[in-house]
Amino acid sequence: MTSLLQKLSEHVGQAFAAQGLDSAFGRVMVSDRPDLAQFQCNGAMNAAKAAKKNPREVAGAIVESLSAQDIFTQVSIAGPGFINLNISDAYLAAHHAPQGHDPREGVPLFAQGETAILDYGGPNIAKAMHVGHLRAAIIGDSVRRIMTFAGYKTLGDVHMGDWGTHMGMLIGDYMRRGETDIVTQTNINDAESVQALMEDMAIRYPKAAGEAKADPALMQEAQENTVKLQDKAEPYYSLWQMIRRVSVVGMKRNYDALGVHFDLWKGEADVHDYIAPMVEDLKGKGIAELSDGAVVVPVAMPDDKKEMPPMILYKRDGAVMYGTTDMATLVERMKLYQPSKIVYIVDQRQNLHFEQLFRAARKAQIVPGAVELTHAGFGTMNGTDGKPFKTREGGVMRLEDLIDITIEKARARMAEAHVAEDFDATERDDVAHKVAIAAIKFADLQNARQADYVFDLDRLSRFEGKTGPYLLYQAVRIKSLLRRAEKSIDFNASLILDEPDRPLALLLAEFPEAVEAALKNYAPHYLCEYAFRLAQTFSSFYGNCHILSETNIDIRNSRLALCAMTCRQMDIVLSLLGIDIPERM
RNA sequence: GCACCCGUAGCUCAGUGGAUAGAGCGUUGCCCUCCGGAGGCAAAGGCCGUAGGUUCGAAUCCUACCGGGUGCGCCA
């Protein structure tokens, strides 16, 4: 499938080529001035510059050759050399015709099964998941869905933090207090027992971490414990295994509630055995060296404008750092999966770390230049005061609490609006859950990825305007309409376009570009923008004309076909955002 | 000190070198003899942080400065 803009660009490009100009100047865009035209091409001005000609003259020649084509109903020059274009309804209808059967709604495959590994987890075991994990999960899962739809074989890796000093602190605390039984007596098959250990760790860990920070002796002990754990010494290793197993249960519960999927449940510890050989190899090649007692890879380059500290592989005390495990993870990923891309959806603040990691990985030839390494960083989630989001008490809000609060708000709003009143309790709960997750995800995803954003629970759960629930509402309304029409939908109906239909038909043709922008930039907000415009444009269409009661059968069929396309695009775009649509609400 | 991100309507945010910079919320006014009003239509609201520069053309690219956030070897 070729998108409408591509087709138009080709036509206009040929007109440029016929004048001996580069066909790339023929790029057609949706018009900035819908009052003047549907589409525009700005290439005449650039072409004129390159050929040292008068822009309006160049545009004139293009316009003349395009006017002869019956695709266009209007071709005109405006201002310094804009070419304004309107296309015929017949052409637009013909463009949409094959989509009656296209489950991809005209979106091409941008990849042919190349493997892409996505890193968007990173919660530490033994710690309760909190709102700080939300953005990586939501954005990363959406990027995974987008890339999968685009034709990649994707592997989302939770890549949990299970091998660092925090483990030394926690295990040390159990041992020092003689309370290792709490861990060893946990029955992994018993939900209550698992829950008990989770709660114990959730309280114990912050306490132990605080104590270790305040007391250098405790901190040193924690670091010694970490080295012993990393040597797989007992009882450290057994305690750790149980802690990890229980933690994974908790993580899965949180990610399931969010509808966030991972293919790989790996952690830093899983690559431990790659580390020693990797470091030996790097030492042998002279890439790693000793510095202040630590083993490091210098990654500074002569033309660096900023300071670039080396990446530390082994600390003075012999323990590894997250750069080490990240690097070993790259060794494993290259060996097991041969990816063409590895993308980290991780807090923007870690960008120096990734710069170091990528440089070290290239230098060590662990990742060849042809394999893309990207840190798709995201901004901080702030509260309404502009500072990092906290609870009223000033603490960090647990992820499950955030979800529960939002579900309660959804439920309250539904009751107020008399929505789903006659549903049974199970379906009502399901709808409230979907509404809440849609609200949270859309509020997050609609922001440009790298920018900080203000998370306002009250605002996003008002469910009006540019919100997830508004999108669900529109989608459900279309589904309801199509259900009523049922058998009478003719998917082969040709489109008959008139004032109320045309804006929707034009917008529906922009879908491939929206997906492409989101894909190329690892930026789901392009799809949010599209989804919202689609919902709004549909709503306007819906308000402006009758569909089911339309007596002209051809017009009725045409409008139902537009509804069906809108419905499919909403299904696709919301699924790419990780938002589930209820059948009714 | 150095580096990175951000600065756009009262608030929260979009904006791929192009024309008259858009949306949501809030404000004001309309629209339920009609398929779901969590809706639609319309109005008001802008020195795009400041000053230079490149360009036929700059919110967008470059430079300097101002303001906010973040990071800068043995945490992750």
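The shown structure was predicted, so the numbers you read here are calculated from the model rather than taken from an experiment. Labels below follow one simple rule: chain letters A, B, ... track the order of the sequence lines, proteins then strands, and each chain is numbered from 1.
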Under-3.5 Å donor-acceptor pair between [X] side chain and [N] base:
{"X": "A/His546", "N": "B/rC35", "answer": "no"}
{"X": "A/Asn42", "N": "B/rA19", "answer": "no"}
{"X": "A/Thr467", "N": "B/rG24", "answer": "no"}

Distance in angstrom units between [X] [atom1] and [N] [atom2], rounded:
{"X": "A/Asp32", "N": "B/rG17", "atom1": "CG", "atom2": "C1'", "answer": "11 Å"}
{"X": "A/Phe354", "N": "B/rC4", "atom1": "CZ", "atom2": "C1'", "answer": "15 Å"}
{"X": "A/Gln350", "N": "B/rC72", "atom1": "CD", "atom2": "C1'", "answer": "14 Å"}
{"X": "A/Glu268", "N": "B/rA76", "atom1": "CD", "atom2": "C1'", "answer": "7 Å"}

| For A/Arg462 and A/Thr226, take the nucleotide of RNA chain B holding the closest heavy atom to each; which residue's nucleotide lies nearer the 5' end? | A/Arg462

| Which sits closer to the 5' end of RNA chain B, A/Val296 or A/Ser539, going by the nucleotide each is nearest to? |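 Checking each residue's closest nucleotide, the 5'-ward one belongs to A/Ser539.
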
State whether a side-chain donor-acceptor pair under 3.5 Å links [X] with [Y].
{"X": "A/Arg459", "Y": "A/Thr467", "result": "no"}
{"X": "A/Arg359", "Y": "A/Gln356", "result": "no"}
{"X": "A/His418", "Y": "A/Glu421", "result": "yes"}
{"X": "A/Tyr453", "Y": "A/Asp444", "result": "yes"}

Just call it for [X]: base, sugar-phosphate, or nothing, with non-hydrogen atoms closer than 4.0 Å on any strand.
{"X": "A/Met311", "answer": "nothing"}
{"X": "A/Leu36", "answer": "base"}
{"X": "A/Glu307", "answer": "base"}
{"X": "A/Tyr322", "answer": "base"}
{"X": "A/Asp326", "answer": "nothing"}
{"X": "A/Asp317", "answer": "nothing"}
{"X": "A/Met585", "answer": "base"}
{"X": "A/Ile547", "answer": "base"}
{"X": "A/Asn46", "answer": "base"}
{"X": "A/Thr165", "answer": "sugar-phosphate"}
{"X": "A/Ala319", "answer": "nothing"}
{"X": "A/Tyr542", "answer": "base"}
{"X": "A/Met321", "answer": "sugar-phosphate"}

Would you measure the distance from the [atom1] atom in [N] across to the matching atom in [M] and give it in whole Å?
{"N": "B/rG10", "M": "B/rG17", "atom1": "P", "answer": "27 Å"}
{"N": "B/rG18", "M": "B/rA58", "atom1": "C1'", "answer": "9 Å"}
{"N": "B/rU60", "M": "B/rG52", "atom1": "P", "answer": "14 Å"}

Short side-chain N/O contact from [X] to OP1 or OP2 of [N], under 4.0 Å:
{"X": "A/His525", "N": "B/rG15", "value": "yes"}
{"X": "A/Lys315", "N": "B/rC75", "value": "yes"}
{"X": "A/Gln536", "N": "B/rG39", "value": "no"}
{"X": "A/Ser540", "N": "B/rC41", "value": "yes"}
{"X": "A/Arg349", "N": "B/rA76", "value": "no"}
{"X": "A/Gln223", "N": "B/rC75", "value": "yes"}
{"X": "A/Tyr530", "N": "B/rA23", "value": "no"}

| task | Apply side-chain hydrogen bond (donor to acceptor under 3.5 Å, both in side chains) to the pair A/Gln38 and A/Ser31, showing each step before the final yes or no. | result | CA-CA 5 Å; A/Gln38 294 168 342; A/Ser31 177; over 6 Å; no

Taking a pair as Watson-Crick or G-U wobble with both distances under 3.5 Å, which nucleotide is matched to [N]?
{"N": "B/rA64", "answer": "B/rU50"}
{"N": "B/rA3", "answer": "B/rU70"}
{"N": "B/rC41", "answer": "B/rG29"}

| With stacking defined as ring centroids separated by under 5.5 Å and planes differing by under 30°, is A/Phe82 stacked against B/rA19? | yes

| task | Return the nearest nucleotide to the side chain of A/Lys306; candidates are B/rA19, B/rA3, B/rU12. | result | B/rA3

| said: Please confirm whether the ring centroid of A/Tyr344 lies under 6.0 Å from the ring centroid of A/Phe354. | reply: yes

| field | Close aromatic pair by centroid cut-off 6.0 Å: A/Phe532 and A/Phe442 | value | no

